[in-house]
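Notes follow once the structure below has been shown.
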Amino acid sequence: MGLLNNTLPDNKLVGAVDTAVGWGRKSSVWPMTFGIACCAIEMMAVFAATFDLDRFGAGIPRATPRQSDLIIVPGTVNAKMAVRVRRLYDQMAEPRYVIAMGACVCGGGPYVKWGYNTVKGVHKIIPVDIFVPGCPPRPEALMDGILKLREKIGREAVFARRNEANTQMNAKYDAVS
Amino acid sequence: METLIDFFTGTLGLGPTLALSLAYATAIGSLLGFITVYAMFAIWMERKVAAHIQQRFGPMEVGGWHGWAQSPADALKLMFKEDIIPSGANKVLFWIAPAIVFCGVLAGFIAIPFAAGVQIVDIDLGVFFIIAIASIEVIGVIMAGWSSNSKYSLFGAVREAAQVVSYELPSATALLAPILVVGSFKLGDFNTYQAEHGWIIFSNPFMWIALLVYFIASLAGCKRAPFDLPEAESELVSGFHTEYSGMRFSFFGLEEFVSMLLVSAITCTLFLGGYTLPFNFLDVANLAAPFHLLGVAVLIVKIFAVIFVQMWLRWTLPRMRVDQVMTMGYKYLLPWALFAVAGTAVWHVWMEG
Amino acid sequence: MEALEMYTVDDRSDVYTEELKLNLGPQHPSTHGVLRVELSMDGEIITASRCDIGYLHRCAEKIGENVTYLQYTPYTDRMDYLASMNNNLAWSLTVEKLLGVEAPERAQWLRMICAELNRIASHLIAFGTYGIDIGANTPFFYAFRERESIMALLERPSGARMLYNYIQPGGLRRDVDENWVTDVLAFCDDFEKRWAEYNTLLSNNRIFIGRTANIGVIPQDVVYACGATGPVMRGSGIKWDLRRDVPYLKPYEEVDFDVPVGEGTHGTLGDCWDRYWVRMREMMESIRIIRQGCAALPGGEVMEKVMKKMYKTPLTPEAGEAYMRCENPRGELGFYVVAEGGTSPIRCRARAPSFCNLSLLDSLLPGTMIADAVAIIGSLDIVLGEVDR
Amino acid sequence: MNEQQLHDKLRATGLGGIGELESSARDPFVVVEASVLLEVMAFLRDDSETAMEMLHNVTAVQRETGFDVVYHLCSYSRHHSLTLKVIVAQPEGEAGDWEPAVPSVASVYPSANWHEREQWDLLGVRFNDHPDFRRIILPEEWIGHPLRKDYVYPSTFGEIPLELDAIPLYERDENDPPKPSEPRPAGTPLTQPPSEYSTRPDAGGRAPAPEKKGES
């Protein structure tokens, strides 16, 4: 997609294709089976019967980074793990999204002061789309994060050149989420 | 097929060669269309069946009613996803493997009779043609696994090779039982036989063994649980397609469902009466011209019943280990298949002779 | 060990083969977190393995030396995050031992009920994820369904779904509401039916037994030598449970329960199936304990006035050291705390059961297949948060 | 047997270097000389009356005068336990990175293997004759032993930033790499007043609350 990304003029036809592709992307966000710590259990709860993330089409956890669209980083990333998280992110195919789940991943959490080897937020390592705070976040919070991500994906321009307003809106949205 | 050719030569007045090519193109085009629609539906169905077995709902939001648009959305996304070829991979093989896998399975469908006259070619050795052509898939899987330059992929490919080649034996042997009854390899003959004499499964008690053996062996052939060793998610990450992404990966996904369709179609045609109704209370094959297409619907309902059982098993049973799979194939299924064939032969000689 | 010898490698073959190095983890669906195992493979058979841990090291012991005794309770939650009540309990008992205080009776009984509920929740995860390891996805969803009810029960007094921080030195954070005990009993009735369902689905499945029986056999002397505890130890037929043998809470002396041990039902004693089955039966024993606990729950305060007064300032035990062992779902959790009179200890060591159980892995894997490796890792039921701390 | 009887039993073996039973702390312990540690352990394990089957835990404790290495032994058949301690005093004039050394007991109790590696990794206590002596939790390239009282917190590990205010990796300008920041001030006090806990270590206190903007 690299060549076409944001190169075409912003007209009705390109807009329609953008909408369709955006719909496809946002309706099938396959997360990666990737658990680090406590938050992974709540992430599993989101996939399980009570919360059932599959309702939004995001319920096929893929074990390999190549086939997944979303990496939920659930749990403290330390120095030893950060290298691996980075590599996993690099192995994912575009478009790829990152949800930082939990206080540790958002900014160090309880380990921010005395943690000599914890990374104070996974956004130091890989770019993050959505931050879901909490220790651990309730499953509802993670679901909300994924719904927010769906909104964000749906608004992405795949082919059309982003005009000024679009860029600003996205920037604003990024700042909020 | 003949109807189509007649239509092109007679009604449109085209030359025979052109008519033949056009007829095949139309037939294969509609087959492809059918398979695409089927695969979309089957993937959605798999997710729904899995979800309901697991006390969930499965896809609910995408497209409105019970997430019916889930599979098109997945397809759209995969189409526009980046296609990664790992740097250490053998590019040609990596590129061609999904196509071979898919084509091998697809080619099997040209011999399947969907209804009276709805069959692309009624090959003389139809049953063995399907078994043979579907095995091409193994080559594709091995290519995929080897060319990915990943150890997990290699494990998956080797497992696939061992497993599928081993399970060809019991499945082909089990199919000999209905062939003995009908006395023909032509798939069309099975339907005419069953329309006259009732379903083959009821023809003798040994046929149940043959059906069971073939069903289990066909599960292994489609890499369905409990025989999903080549992709064993908890052991080999994703097995032979670990390194595939985007559209190429979706071919492997489709292939699994299409081969499910193929083996279910064989099961239905050879054991469960093909497109005929139980006890033949409505002779579907000999209805007036457009209504004989009802047979397609009958067959599809049967196929989905078999596919549902496959899904049911997948979401209930644990996975077997590789040596257990081999043991099962050679030590249990093959002798039982031979027993079923011998039993059928003896039964029919005794009953009829 | 005889079962393992069927996979010996024939080295007389003149075919040139090479050892394959396979890296299992840290991101792998069945390493239960971020364990990494370097495997040397000869085809499907493992010839050597090397565990690599530390991908979830979160400096818990360093933090323990820097925060106060009460502030450390939430950090104990995050060690074995599947059984945080039990961790809280172990830490609280250690600090109580240092302080020389004891929780009031009602608090002790509630502690026992909460710890047992959490033990069930933890074993449910073990059951569900073990199913996934073996290739059956559905048990996981069934297990999570019941786990949600336990979480809802524990959320009511503690306010948290997973990391409760409810048991604290000297008692409990707050009392339970009046309907809680009734609801716990209702859950117990429900759970017994579900438990039978699990056995139909997974425990008695032929394929499951075929995959787990005779695999990963741990002899009793190896259990002692490697310091394995909990269900791993009991799976090898050693009838030892701290709750019964060294009761660390008074109610454990009064309630009546069995200690299930492995019996080699489907093969050798101490195989994966025995460990699994010990866990399954422990859930039912926990239900028994909870029932008796709910019946005998005394009234009164959950924290005494003396203790409440003590909390006005940070707890400052006198100089001394204490080692306290508790029976966690995964084995014996020991806290070793050295105080020198300040508001925080100078050493705060956690002897994690998963850490010791995992140290067995390298000796278990050689000779098995890669699918067995997954089954063995699952049957040890490790939590990486506790292994690395 | 209780601790006193166990101690008497140990004394009766005639091994030198076995100290008194110290019961000043909450849990009584026996101080043992490092030279006889292995013999004492082997005796405790093999004697039918002591029957200490399991080495439950190995801990090292840094004190101002040196290191204590603590062994918790317990018997599962006899229902008793004993705490052994080896005290390694810090020699005069040794710097902060001095590494104490005790014999490894992994040959007697294999469970000590990982425990000792962990103590080496986190506290820098050497265990002589250990079968596989390397770091266990932290990566091999890690510098220092973090549970030491004078441990200096690193600001980066390789490329990975470990500070709260570090620049994210993907936002760095490749032509202008940031200079490695100064290590944090050394030494964390043994006890920390709880009021300071909520403050950020590098901001010098609680960050001022953001000014509220006008009316909503």
Side-chain angles (χ1 to χ4, degrees), chain B residues 46-47 49-58 145-146 149-163 216 219-220 223-239 242 311-328 331-332, chain C residues 6-7 19-25 27-32 39-41 43-45 128-146 148 194 197 200-215 276 368-375 377-378:
Chain B
E46 167 106 65
R47 286 172 78 165
V49 168
H52 281 269
I53 287 176
Q54 295 163 348
Q55 313 230 330
R56 303 182 283 128
F57 282 116
W146 184 79
N149 193 26
S150 155
K151 287 164 187 168
Y152 286 116
S153 303
L154 189 64
F155 269 112
V158 174
R159 282 182 176 190
E160 161 92 5
Q163 174 183 325
I216 294 172
L219 279 182
K223 311 184 284 288
R224 295 288 295 181
F227 305 100
D228 57 344
L229 297 161
E231 42 200 298
E233 192 160 301
S234 61
E235 296 154 27
L236 299 183
V237 184
S238 278
T242 302
M311 289 176 179
W312 183 10
L313 287 180
R314 170 168 180 174
W315 296 105
T316 312
L317 292 180
R319 187 184 302 113
M320 296 173 88
R321 202 172 54 209
V322 65
D323 60 326
Q324 291 168 343
V325 169
M326 291 295 136
T327 315
M328 180 153 176
K331 267 187 162 167
Y332 298 100
Chain C
M6 55 196 246
Y7 304 130
E19 235 176 31
L20 191 68
K21 289 262 184 232
L22 192 71
N23 214 340
L24 206 72
Q27 186 260 330
H28 187 279
S30 57
T31 49
H32 290 231
L39 299 174
S40 302
M41 310 285 299
E44 285 268 344
I45 297 158
T129 49
Y130 200 40
I132 291 194
D133 289 346
I134 302 295
N137 288 313
T138 307
F140 169 79
F141 292 88
Y142 282 53
F144 260 79
R145 183 187 57 191
E146 264 68 71
E148 288 293 334
R194 305 296 188 193
E197 219 172 69
T200 322
L201 188 64
L202 193 67
S203 314
N204 298 327
N205 186 302
R206 288 283 308 166
I207 301 178
F208 179 74
I209 293 171
R211 279 293 302 278
T212 50
N214 287 328
I215 301 299
Y276 164 83
T368 59
M369 290 182 154
I370 183 167
D372 298 337
V374 169
I377 295 173

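Sequence lines set the chain letters: A, B, ... in the order given, protein chains first and strands last, and positions in each chain run from 1. What you see is a predicted model, and the numbers here were worked out from it, not measured in a lab.
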Contact part of [X] toward chain B, heavy-atom cut-off under 4.5 Å: side chain, backbone, both or neither?
| X | answer |
| --- | --- |
| C/L24 | both |
| C/F208 | both |
| C/L20 | side chain |

Straight-line distance of C/N137 CG to B/Q54 CD, nearest 0.5 Å: 6.5 Å

- line: One should read off an interatomic distance between C/I370 CD1 and B/K151 NZ, to the nearest 0.5 angstrom, of 11.5 Å

Polar side-chain atom of B/Q55 near backbone of C/R145 as donor-acceptor pair, under 3.5 Å: no

- prompt: Do the side chains of B/R321 and C/I215 get nearer than 4.5 Å, heavy atoms only?
  reply: yes

task: For residues C/T138 and B/T316, determine if any side-chain heavy atom of one lies less than 4.5 Å from a side-chain heavy atom of the other.
output: no

- request: Find the one option among C/N23, C/I132, C/I134, C/V374 whose heavy-atom pairs under 4.5 Å with chain B are most numerous.
  value: C/I134

message: Tell me the closest heavy-atom pair linking B/R319 and C/I207, and the distance in Å.
response: O-CG2, 3.7 Å

statement: Exactly one of B/L229, B/V322, B/D323 clears side-chain contact (heavy atoms from CB on, under 4.5 Å) with C/E44, and that residue is B/V322

